[in-house]
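Inspection log for the structure reproduced underneath, given as structure tokens.
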Amino acid sequence: MAVQFFDTYTRKLETFVPLDPAGKIVKLYTCGPTVYNYAHIGNFRAYVFEDLLQRHLEARGYDVQRVMNLTDVDDKTIRGCRNLGVRLADFTKTFKDAFFADLDTLRIKRAQAFPAATDYVERMIEMIRDLEAKGIAYQAEDKSLYFRISKFADYGKLAHLNLDELRPSGRIANDEYEKESVGDFALWKAWDEADGDVRWDSPWGPGRPGWHIECSAMATALLGDELDIHCGGVDNIFPHHEAEIAQTESCTGKKFVRTWLHCAHLMVDGGKMSKSAGNFFTLRDLIEKGWTGREIRYALITVNYRLPLNFTLDEGLPAARAALGRIDEWARRLAETAASAQPGTIAPEMAALVEGFFTALDDDLNISGAMGQLFDLIRDTNRALDSGALDAAGAAAVQAAWQRMNSVLRFEADAVAIPAEVTELLAQRQAARAAKNWSESDRIRDAIAALGWVVKDSKDGPKLSPK
RNA sequence: GGCGGGAUAGCCAAGUGGUAAGGCCGGGGUCUGCAAAACCCCUAUCCGCGGGUUCGAUUCCCGCUCCCGCCUCCA
């Protein structure tokens, strides 16, 4: 089966065909964070989904060229740095660094480029000048520049909005006095006192770029005028991505994006995550509560991206932990049986499950279907291991298949270094057990526990795990 | 009001015009000096409600109810 995605623009499942004539390169642009705070798990749901997308495309042989922007100038970043009395760049650096650390925690593969908006202001100005020359951008009384949406016939197509029927929402009610039309959006925001020293010179006076133009400028600068895939959260569909299309296509005259993918929101305990509801979590909050990055990754990635994800601390995360433990144990047994054997031929039933894993992902990243195949494979190999039907070469073959699947999932256990002291104690305990000296054995177990390790005597010998 | 998504076992969730994957929890068993773990097995006559089409619908059509999101700068 060919890879197919549900495209937001057409609202249909579309077979994925890259722009690259060789069918190899995939140009992927993913909307990144605004670095004014630590990112929350809702943000990371989107980034984890994009990671799954990239990794699966790579597993299918594509060369994915991905760009993720960092919005390091906007109302919130300006407010943040002024509140602290520090320079904007210093303020945002804290959160850029934190963001990258968080990506690592969640095992999210780095994009090729993470352009920061403040590094592309010149290019944004060029695009706005172009739009102004074409009569699409205009400067209003407040000196800001706006995009005249009446000049872009397709405006609203992505969101499937009929702009004539837009019902003004409360929060925009009182700042529409300068614009020609309510729907016109800012390309350039004229400086005002609240901006402090955050300002760039432009043909229209000092100011700073609007949010939407940043993605248009950076995406085209780094990936070209046409992209294969552009992702974001559903809340970006309108107006952000709509605006990106309007600006970019007005400048380039080409179709900006082939496929639009948007992930649904994350909810916490059945409700919208919000600070006031007390269910707002950054990644760091969960790490502090004792959850690991891969457990959170599991909880975020195993629900299809188009479905709202109900994130629960007392159900979802423990379930993630238990499921990962099962995978760990299976991988451990496989490795033990395979030892250093060369992979043999994988049994046909097992090969079918592995194929099923990837073909499920081909179908709009059907992760639930894929996980079903993986757990079937786990059960089947455990059975074969129990009955002795799987030899070293067979186990090595399954192990190789797991490595392929894991290159997409990245669920493998963290390597833990066991201190020599603990290893020594364990050997002593084994000797005591062989001599049936149970009191000594239990005493050593307690000593090992005091060092932070738990001993469990499995059928295959004692196992150590960090407490 | 407009647009969009959803409703499948205690929880998460896949899926098909032919009679329900998988995970977690729970129950049983194997193993075991003890403890713990691990592994195996079992666990929805039923897929929001009411109609219709059909030999047959959870899956197609119509209507309804409920939930969630977006409607101008929140992933």
Side-chain angles (χ1 to χ4, degrees), chain A residues 8 11 30-34 39-50 71 74-76 149 156 159-169 171-172 175-176 179 182-186 189 210-212 231-240 242-243 262-267 270-274 298-299 302-304 306-312 314-323 325-327 329-330 332-333 356 360 366-376 378-379 382-383 385-387 433 436-439 441-442 445 454-460 462-463 465:
Chain A
T8 306
R11 309 267 169 176
T30 51
C31 280
T34 299
H40 58 70
I41 54 172
N43 297 314
F44 284 112
R45 196 240 172 142
Y47 308 142
V48 162
F49 141 64
E50 288 153 1
T71 298
D74 80 321
D75 291 350
K76 285 177 289 203
I149 60 168
H160 295 231
L161 284 178
N162 181 345
L163 297 171
D164 299 333
E165 294 173 0
L166 278 192
R167 181 197 207 181
S169 71
R171 71 182 196 221
I172 59 153
D175 86 318
E176 303 310 328
K179 296 195 281 186
V182 180
D184 291 351
F185 56 86
K189 294 188 162 190
W211 178 40
H212 313 305
C231 305
V234 283
D235 49 333
N236 278 159
I237 295 173
F238 192 87
H240 185 52
E242 202 75 69
H262 292 97
C263 75
H265 270 110
L266 173 141
M267 300 195 295
K272 185 169 180 172
M273 184 165 65
S274 71
Y298 186 101
T302 51
V303 173
N304 182 269
R306 287 206 287 134
L307 258 38
L309 165 56
N310 186 22
F311 193 88
T312 49
D314 57 347
E315 297 262 11
L317 284 172
R321 177 169 287 175
R326 182 136 173 254
I327 294 170
E329 180 61 17
W330 169 71
R332 193 196 60 75
R333 285 183 83 187
N366 180 354
I367 187 72
S368 301
M371 292 304 291
Q373 301 287 306
L374 172 61
F375 281 108
D376 279 349
I378 289 175
R379 188 199 55 227
N382 276 332
R383 270 203 285 237
L385 249 14
D386 284 347
S387 68
R433 293 186 74 222
K436 297 198 187 300
N437 185 348
W438 306 128
S439 60
S441 164
D442 291 347
R445 182 164 60 197
V454 179
V455 186
K456 289 164 188 166
D457 297 311
S458 78
K459 196 162 34 179
D460 313 309
K463 289 192 305 179
S465 54

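Residue numbers begin at 1 in each chain, while the letters A, B, ... track the order of the sequences.
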request  = With C1' as the reference atom in both, quote the distance from G22(B) to U54(B) in angstrom, rounded to an integer.
outcome  = 31 Å
request  = Please measure how far the P atom in G50(B) lies from the corresponding atom in C41(B), and state the result in whole Å.
outcome  = 37 Å
message = Roughly how many Å apart are U58(B) and C40(B), using the P atom of each and rounding to a whole number?
response = 33 Å
message = Need one value for Leu266(A): base, sugar-phosphate or nothing, where a base atom within 4.0 Å counts as base even if backbone is also close, heavy atoms only.
response = base
Pairwise P distance, G63(B) and G4(B) [rounded to whole Å] = 14 Å
query = If you check every side-chain atom of Glu315(A), which of C11(B), C24(B), C74(B) has the closest atom?
reply = C11(B)
key: Ring-base stacking, Phe375(A) with G22(B) (5.5 Å, 30° cut-offs)   = no
query = Looking at side-chain heavy atoms only, is the closest gap between Trp330(A) and Leu374(A) below 4.5 Å?
reply = yes
request  = Quick one: label Asp457(A) by what it contacts on the DNA or RNA (base, sugar-phosphate, nothing), any heavy atom closer than 4.0 Å.
outcome  = base
ask   = How many angstroms lie between OG1 in Thr8(A) and NE2 in His262(A), if you round to the nearest 0.5 Å?
value = 4.5 Å
query = Would you call the rings of His212(A) and Phe185(A) parallel, tilted or perpendicular, where under 30° means parallel and over 60° means perpendicular?
reply = perpendicular
request  = Specify the separation, in whole Å, of atom OH of Tyr47(A) and atom P of C74(B).
outcome  = 12 Å
ask   = Is the shortest side-chain N/O distance from Arg379(A) to OP1 or OP2 of G22(B) below 4.0 Å?
value = yes
message = Counting C-beta onward and ignoring hydrogens, is there a side-chain heavy-atom pair between Arg45(A) and Val303(A) closer than 4.5 Å?
response = yes
ask   = Given the C1' atoms of C12(B) and G17(B), what is the spacing between them in whole Å?
value = 27 Å
Phosphate-side-chain proximity, Arg326(A) and G23(B), N/O vs OP1/OP2 below 4.0 Å = yes
task = Mind calculating the distance between NZ (Lys456(A)) and C1' (A35(B)) to the nearest angstrom?
result = 11 Å
ask   = Does G17(B) have a Watson-Crick or wobble mate here (both distances under 3.5 Å), and if so which one?
value = none
request  = Using the closest heavy atom to pick a nucleotide of RNA chain B for each, name whichever of Arg445(A) or Lys76(A) lands nearer the 5' end.
outcome  = Arg445(A)
request  = When you get a sec, tell me which of A37(B), G4(B), G22(B) is the closest nucleotide to the side chain of Lys463(A)?
outcome  = A37(B)
inquiry  = Under 4.0 Å, heavy atoms only, any strand: does His160(A) hit a base, just the sugar-phosphate, or nothing?
reply    = sugar-phosphate
task = Report the distance from atom CE of Met371(A) to atom P of G22(B), rounded to the nearest whole Å.
result = 13 Å
task = Return the value, rounded to whole Å, for the distance between atom NZ of Lys436(A) and atom P of C34(B).
result = 11 Å
remark   = Leu307(A) CG to C68(B) C1', in whole Å, measures 11 Å
request  = For nucleotides U53(B) and U59(B), find the distance between their C1' atoms and express it as a whole number of Å.
outcome  = 14 Å
note = Ranking A37(B), C73(B), G69(B) by distance to the side chain of Val234(A), first place goes to G69(B)
query = Gly232(A) near the nucleic acid: base, sugar-phosphate alone, or nothing, with a heavy-atom cut-off under 4.0 Å?
reply = sugar-phosphate
note = Taking a pair to mean Watson-Crick or G-U wobble geometry with both distances below 3.5 Å, G10(B) pairs with C24(B)
query = Which nucleotide sits closest to the side chain of Pro308(A): G5(B), G22(B), U72(B)?
reply = G5(B)
request  = Measure from the side-chain heavy atoms of Asp442(A) and tell me the nearest of A37(B), C25(B), C34(B).
outcome  = C34(B)
task = Could you work out the separation of G56(B) and C39(B) based on their P atoms and round it to a whole Å?
result = 45 Å
message = Taking the minimum atom-to-atom distance to the side chain of Asn310(A), which one of C24(B), C12(B), G69(B) wins?
response = C12(B)
message = Can you say whether a donor on the side chain of Ser441(A) sits under 3.5 Å from an acceptor on the base of G33(B), or the other way round?
response = yes
request  = Determine which nucleotide pairs with G50(B), using a 3.5 Å limit on both distances of a Watson-Crick or G-U wobble pair.
outcome  = C62(B)
ask   = Can you find a pair of side-chain heavy atoms, one from Ile149(A) and one from Glu242(A), that are under 4.5 Å apart?
value = no
key: Distance in angstrom units between Arg321(A) CZ and C24(B) P, rounded   = 15 Å
ask   = Is there a Watson-Crick or G-U wobble partner for C31(B) with both distances under 3.5 Å, and which nucleotide is it?
value = none
ask   = Within a strict 4.5 Å, meaning less than it, do heavy atoms of the Leu317(A) and Tyr298(A) side chains meet?
value = no
ask   = Given atom CE of Met267(A) and atom P of C12(B), what is their separation to the nearest angstrom?
value = 10 Å
message = Between Arg379(A) and Asp376(A) (salt bridge meaning N to carboxylate O under 4.0 Å), is one present in this structure?
response = yes
note = If pairing means Watson-Crick or G-U wobble with both distances under 3.5 Å, then the partner of C70(B) is G2(B)
request  = Name the nucleic acid region contacted by Ala159(A), choosing base, sugar-phosphate or nothing; use a 4.0 angstrom heavy-atom cut-off, strictly under.
outcome  = sugar-phosphate
request  = Classify the nucleic acid contact of Val454(A) as base, sugar-phosphate or nothing, counting any heavy atom under 4.0 Å across all strands shown.
outcome  = nothing
note = The nucleotide from A38(B), G23(B), C73(B) with an atom nearest the side chain of His212(A) is C73(B)
remark   = Nearest-nucleotide check on RNA chain B, Arg383(A) vs Lys189(A); residue mapping nearer the 5' end is Arg383(A)
ask   = Does the distance from a Lys or Arg side-chain N to an Asp or Glu carboxylate O, for Arg326(A) and Glu329(A), drop under 4.0 Å?
value = no
message = I'd like to know if Asp235(A) reaches the base of G69(B) with its side chain, counting only an N/O donor and acceptor under 3.5 Å.
response = no
ask   = Can you tell me how far P in C47(B) sits from the matching atom in A7(B), rounded to whole Å?
value = 14 Å
message = Between Leu266(A) and Phe311(A), is there a side-chain heavy-atom distance shorter than 4.5 Å?
response = yes
ask   = Just checking Asp74(A): base, sugar-phosphate only, or nothing, at a heavy-atom cut-off of under 4.0 Å?
value = nothing
task = Take the protein atom CD1 of Ile378(A) and the nucleotide atom C1' of C40(B), then report the distance between them rounded to whole Å.
result = 14 Å
task = Report which part of the nucleic acid Asn382(A) touches: base, sugar-phosphate, or nothing (heavy-atom distance under 4.0 Å, all strands).
result = sugar-phosphate
inquiry  = Categorize His40(A) for me: base, sugar-phosphate, or nothing, with a 4.0 angstrom heavy-atom threshold over every strand shown.
reply    = base
